[in-house]
Amino acid sequence: MATVELRFSALPEHVRTARLVAAAVARRAGVDEAVLDEVRLAVGEACTRAVGLHRTNNITAPVRVALVEDEKKFSIEVGDEVPGSPAGAGAVPGVRGLDGEPLPGGPVSDNGDAAESDDEMGLAVISGLVDDVEVTSGETGGVIRMSWPTTPAPVLP
């Protein structure tokens, strides 16, 4: 199992770097070329969401990204340091917690809370791009885990 870890300041300009690194590692891990754009977009959404949460909550800790290459899948974990962050916006179709249930909460209210609406939209975009996505939250922050199948490299004689 090979792992690449990134930590970056919660600045929007670092999201592009995370996307490029994720795509390069995914390609090396054996993720199908046709899926690499989805990997880039999903990582960009997850990192943008984490950066926004950090900036909104005045958190100075870095955003964490782990790129994990297993035998049959490639996984990406994007972590933030905001307690309870993923469950705050409401249930998003296709996004499930550790227990397999949709994230708790109701629809976003019409009170103009743009941060919650952006958070829910980001999670919805990720769930549309990634078949295997899991969002967890705890006292130390939230994590979005995404994974894609890999194809083994052909063995040459």
Side-chain angles (χ1 to χ4, degrees), residues 1-89 92-98 100 102-103 115 117-138 140-157:
M1 175 189 320
T3 302
V4 174
E5 292 187 28
L6 302 172
R7 291 182 188 271
F8 62 89
S9 302
L11 298 170
E13 53 266 27
H14 296 309
V15 172
R16 182 172 188 266
T17 302
R19 284 195 334 248
L20 293 171
V21 171
V25 175
R27 179 177 285 120
R28 190 197 71 206
V31 173
D32 190 309
E33 286 287 326
V35 180
L36 290 179
D37 281 339
E38 293 173 10
V39 171
R40 277 187 207 93
L41 289 170
V43 169
E45 284 294 328
C47 289
T48 298
R49 181 183 169 281
V51 166
L53 287 169
H54 277 227
R55 292 171 66 96
T56 300
N57 291 283
N58 296 319
I59 307 258
T60 59
V63 173
R64 302 175 322 275
V65 181
L67 311 163
V68 181
E69 179 184 346
D70 278 333
E71 197 171 305
K72 296 184 182 195
K73 72 177 181 175
F74 173 68
S75 302
I76 299 175
E77 296 181 4
V78 177
D80 63 66
E81 301 287 329
V82 181
S85 56
V92 178
V95 178
R96 306 221 173 262
L98 279 177
L103 290 176
S117 180
D118 289 347
D119 186 46
E120 183 176 309
M121 181 62 75
L123 290 174
V125 169
I126 292 167
S127 71
L129 292 168
V130 184
D131 290 336
D132 186 14
V133 62
E134 177 182 288
V135 181
T136 59
S137 176
T140 59
V143 176
I144 297 176
R145 288 181 187 87
M146 306 168 279
S147 65
W148 295 265
T150 59
T151 53
V155 178
L156 300 175

Yes or no on side-chain contact (heavy atoms from CB on, under 4.5 Å) for V51 and V63, after CA distance, side-chain angles and deciding distance? CA-CA 7 Å; V51 166; V63 173; 4.1 Å; yes
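In this structure, T150 and E69 have side chains that are not in contact, with every pair of non-hydrogen atoms separated by 4.5 Å or more. Between V25 and I76 the shortest side-chain heavy-atom distance does not fall below 4.5 Å. Within the 4.5 Å cutoff, side-chain heavy atoms of F8 are placed close to those of V65. Residues V143 and R64 have side chains in contact (heavy-atom distance under 4.5 Å, counting atoms from C-beta outward).
Nearest approach of A18 to L6, heavy atoms of both residues: CA-CD1, 4.0 Å. Considering all non-hydrogen atoms of both residues, G79 and A50 come closest at O-CB, 4.5 Å.
The side chain to side chain contact (heavy atoms under 4.5 Å, CB included) search around E13 returns L11, not counting sequence neighbours.
With values rounded to the nearest 0.5 angstrom, R27 atom CZ is found 11.5 Å from F74 atom CZ. Remark: M146 CE to E134 CD distance equals 11.5 Å, nearest 0.5 Å. Atom NE2 of residue H54 and atom CD of residue E81 lie 5.5 Å apart, to the nearest 0.5 angstrom. Atom CG of D132 and atom OG of S127 lie 12.5 Å apart (nearest 0.5 Å).
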Scan the side chains in residues 35-48 for donor-acceptor partners under 3.5 Å anywhere in the protein, sequence neighbours excluded, and list what turns up.
residue: D37; atom: OD1; partner: R40; partner atom: NH1; Å: 2.5
residue: T48; atom: OG1; partner: G44; partner atom: O; Å: 2.7

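Side chain of N57 to backbone of I59: no donor-acceptor contact under 3.5 angstrom is found. Judged by distance alone, with hydrogens and angles left aside, the side-chain atoms of T151 form a donor-acceptor pair with the main-chain N or O of G30 at under 3.5 Å.
The only option from R55, R7, R49 that meets the salt bridge (charged side-chain N to carboxylate O under 4.0 Å, His left out) definition with D80 turns out to be R49.
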